[in-house]
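Single-structure report; data block below.
Each ligand, and each atom within it, is numbered from 1 in the order the structure gives. Residues take their numbers from the sequence shown, with the count starting at 1. This structure is a prediction, so every number in the text was calculated from the model and none was measured.
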Amino acid sequence: MCFTHNTMVKGVNDNGLGLKGRMVLLALFFIILRDGVYGKRNTASMEKDLEVERKLKLLNKPAVKSIRSKDGDIIDCVDIYKQPAFDHPLLKNHTIHMTPGRGLQRVTNKEKPSSTVEISQVWRKSGSCPKGTVPIRRAQKQVLLRTPSLEKYGRRISHFIYKPNTTKSDALDSTENPSEDHAVAVLLTQGYSYSGAQAVVNVWSTFVENDTEYSNVMIFLRNGPYYDFDAIEAGWGNNPSLYGDQRTRLTTYWTNDASKTTGCFDLLCPGFVQTSHDVALGSAIEPLSQHGGPQYAVTYSVTWDPDTDSWWLQLGDETVVGYWPSLIFSTMKNAATIVLWGGEVYSKKLGTPHTGTWMGSGSFSQDWFHGPCFMKEIRIRSNSLVWKYPEWVYTYQDQYNCYDAFNYVEGHSDPPFFFGGPGRNFKCP
Ligand SMILES: *[C@@H]1O[C@H](CO)[C@@H](O)[C@H](O)[C@H]1NC(C)=O
Ligand SMILES: *[C@@H]1O[C@H](CO)[C@@H](O)[C@H](O)[C@H]1NC(C)=O
Ligand SMILES: *[C@@H]1O[C@H](CO)[C@@H](O)[C@H](O)[C@H]1NC(C)=O
């Protein structure tokens with residue numbers, strides 16, 4: 001042993017240990033320290049790494065072609081019959097419907113505001129996917145390494161919960177809202193069956209203060225009890241923990257149990273059947289609206305189609321993205337019972353101090369100078385398959401000093417709905 005060897009060397013020190021001896025001891029100590037601590041950390045990180053690799057293998061399907069987008073995304077063109085939907089136990093033998101039935105007619109409103117232009121996806125500047133494939137945004141390793149739960153990656157941790165008017169006389173009392181980590185400002189309709197919903201939504205860059213938070217602007221269709229509902233959602237959002245950055249992206253969501261165990265954003269779990277070879281869910285979009293400048297908008301519609309027994313997602317007048325087959329839902333088989341249009345912010349900081357995460361454009365609903373986020377041409381499709389402005393609507397906002405909602409009814413036969421806010425401000429400290 002070194003130690004024995006060194007004691008035999010005639011030392012200058014009282015303890016008989018020479019300088020060289022002490023250095024050897026020190027080195028030994030460092031080696032033990034390194035093996036002990038670093039060794040453990042390496043094993044832990046290797047395990048996490050393996051888990052992440054396994055998850056990535058489930059999420060990312062083999063690509064026919066891959067496109068590296070300038071915004072850092074990789075878009076995989078995946079054989080349409082190898083897309084994630086086919087991992088769903090009820091869709092194993094599914095035959096893809098390439099087009100919706102004839103029953104799916106969208107309202108086309110000729111009089112679009114002149115300043116409203118259709119937006120496009122950033123990745124399409126770098127290439128396109130061949131027919132017979134679907135573009136899928138590749139899940140990224142560095143994002144999954146940071147996610148607190150791989151099992152829940154892609155799924156909402158919680159929903160905002162809307163309790164319809166049942167026992168209490170005032171369902172809009174915000175103390176009744178049990179979703180403490182969500183703030184919403186929405187327009188809402190209920191009381192009938194809705195087999196479709198649409199809106200023209202203007203698109204903004206929105207600020208998210210903490211990477212664990214997100215800010216979405218969506219159309220929400222729901223059916224079932226408030227603690228266990230089915231939902232389909234489509235819109236845009238800024239969701240750093242999901243996508244790894246703060247870009248504004250096309251976003252969809254579904255669940256059949258209020259997200260307890262099912263559902264996800266985009267194609268991050270089996271469920272949505274994509275037919276478009278042109279649209280990648282979760283991809284960044286541009287151009288974005290500017291305060292006091294041009295406004296850019298997307299028309300979203302979600303419609304149940306009897307011929308294919310599915311809920312179809314369309315963007316604009318032309319683009320059919322794909323569908324959610326009715327068989328993946330428990331209650332939302334052919335109709336929703338509630339439709340909401342507007343914004344939501346997810347944050348653990350909705351008390352004081354409040355998060356500074358924005359909703360919509362970051363401006364309040366009547367800040368005409370800066371320009372709020374809006375939804376126009378709001379439509380539902382009734383049982384009789386007629387598209388129309390809902391029979392009655394009301395606005396619902398849980399934190400009107402932080403984010404608010406305004407339905408511009410006065411003087412409008414087709415009222416535009418404005419909503420949003422900056423979060424933390426002098427009224428919302
Ligand atoms: C799919 O087809 C196979 C073979 O015909 C059958 O055994 C299975 O039950 C089917 N699965 C579903 C979910 O319909
Ligand atoms: C909710 O309750 C209030 C007060 O009773 C009533 O005015 C309102 O119409 C109800 N809304 C619905 C959706 O039933
Ligand atoms: C973000 O939020 C989490 C959870 O509330 C908190 O632990 C973390 O410190 C926050 N990060 C920053 C940079 O504020």
Side-chain angles (χ1 to χ4, degrees), residues 40-41 44-45 47-49 51-52 55 71-73 139-162 174-186 204-218 227 233 235-249 251 253 255 258-261 263-266 268-269 282 284 342-364 373 397-404 419-429:
K40 258 189 214 133
R41 191 181 296 162
S45 80
E47 267 167 28
K48 174 99 187 180
D49 216 77
E51 273 176 55
V52 166
K55 182 80 180 178
D71 59 9
D73 281 4
Q140 296 154 328
K141 186 169 181 179
Q142 68 270 25
V143 173
L144 265 66
L145 280 169
R146 284 198 302 264
T147 196
S149 159
L150 277 177
E151 198 224 321
K152 290 187 183 142
Y153 175 74
R155 194 158 74 228
R156 285 178 183 277
I157 296 159
S158 76
H159 276 274
F160 73 87
I161 295 179
Y162 171 72
S174 62
T175 58
E176 274 297 290
N177 184 353
S179 35
E180 282 157 5
D181 46 14
H182 271 87
V184 299
V186 291
W204 294 87
S205 171
T206 200
F207 169 70
V208 169
E209 188 176 80
N210 183 311
D211 279 358
T212 61
E213 304 177 346
Y214 57 77
S215 180
N216 289 337
V217 168
M218 289 183 149
Y227 51 85
E233 308 171 359
W236 59 262
N238 174 355
N239 192 336
S241 64
L242 189 68
Y243 299 118
D245 63 21
Q246 294 238 0
R247 286 174 205 278
T248 298
R249 294 168 179 280
T251 298
Y253 194 82
T255 176
S259 294
K260 287 195 279 283
T261 60
C264 59
F265 289 100
D266 309 335
L268 292 167
C269 67
E344 60 157 338
V345 165
Y346 170 81
S347 171
K348 296 270 181 221
K349 269 175 65 188
L350 296 179
T352 311
H354 198 279
T355 180
T357 290
W358 297 358
M359 180 191 292
S361 72
S363 300
F364 282 112
C373 193
Q397 48 200 332
D398 9 50
Q399 299 198 314
Y400 59 85
N401 284 327
C402 317
Y403 313 105
D404 71 355
F419 60 95
R424 190 173 56 248
N425 70 85
F426 72 95
K427 288 187 296 176
C428 167

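Ligand 3 has no N or O atom lying under 3.5 Å from any N or O atom of K348, backbone or side chain.
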Go through the steps for D404 and Q397 under the test side chain to side chain donor-acceptor pair (under 3.5 Å), then give the verdict. CA-CA 6 Å; D404 71 355; Q397 48 200 332; over 6 Å; no
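Although no hydrogens or angles enter the test, the distance criterion places a donor-acceptor pair under 3.5 Å between the side chain of Y253 and the main chain of R156.
Relative ring orientation between Y214 and Y346 is described as parallel, the plane-to-plane angle staying below 30° on a 0-90° scale split at 30° and 60°.
Within the 4.0 angstrom cut-off, atom 9 (O) of ligand 3 has no protein heavy-atom neighbours.
For atom 2 (O) of ligand 3, the closest heavy atom belonging to the protein is N210 ND2, 2.4 Å. What sits closest to atom 4 (C) of ligand 3 on the protein, heavy atoms only, is T212 OG1, 4.2 Å.
Between Q246 and D211, the closest side-chain pair of non-hydrogen atoms falls below 4.5 Å.
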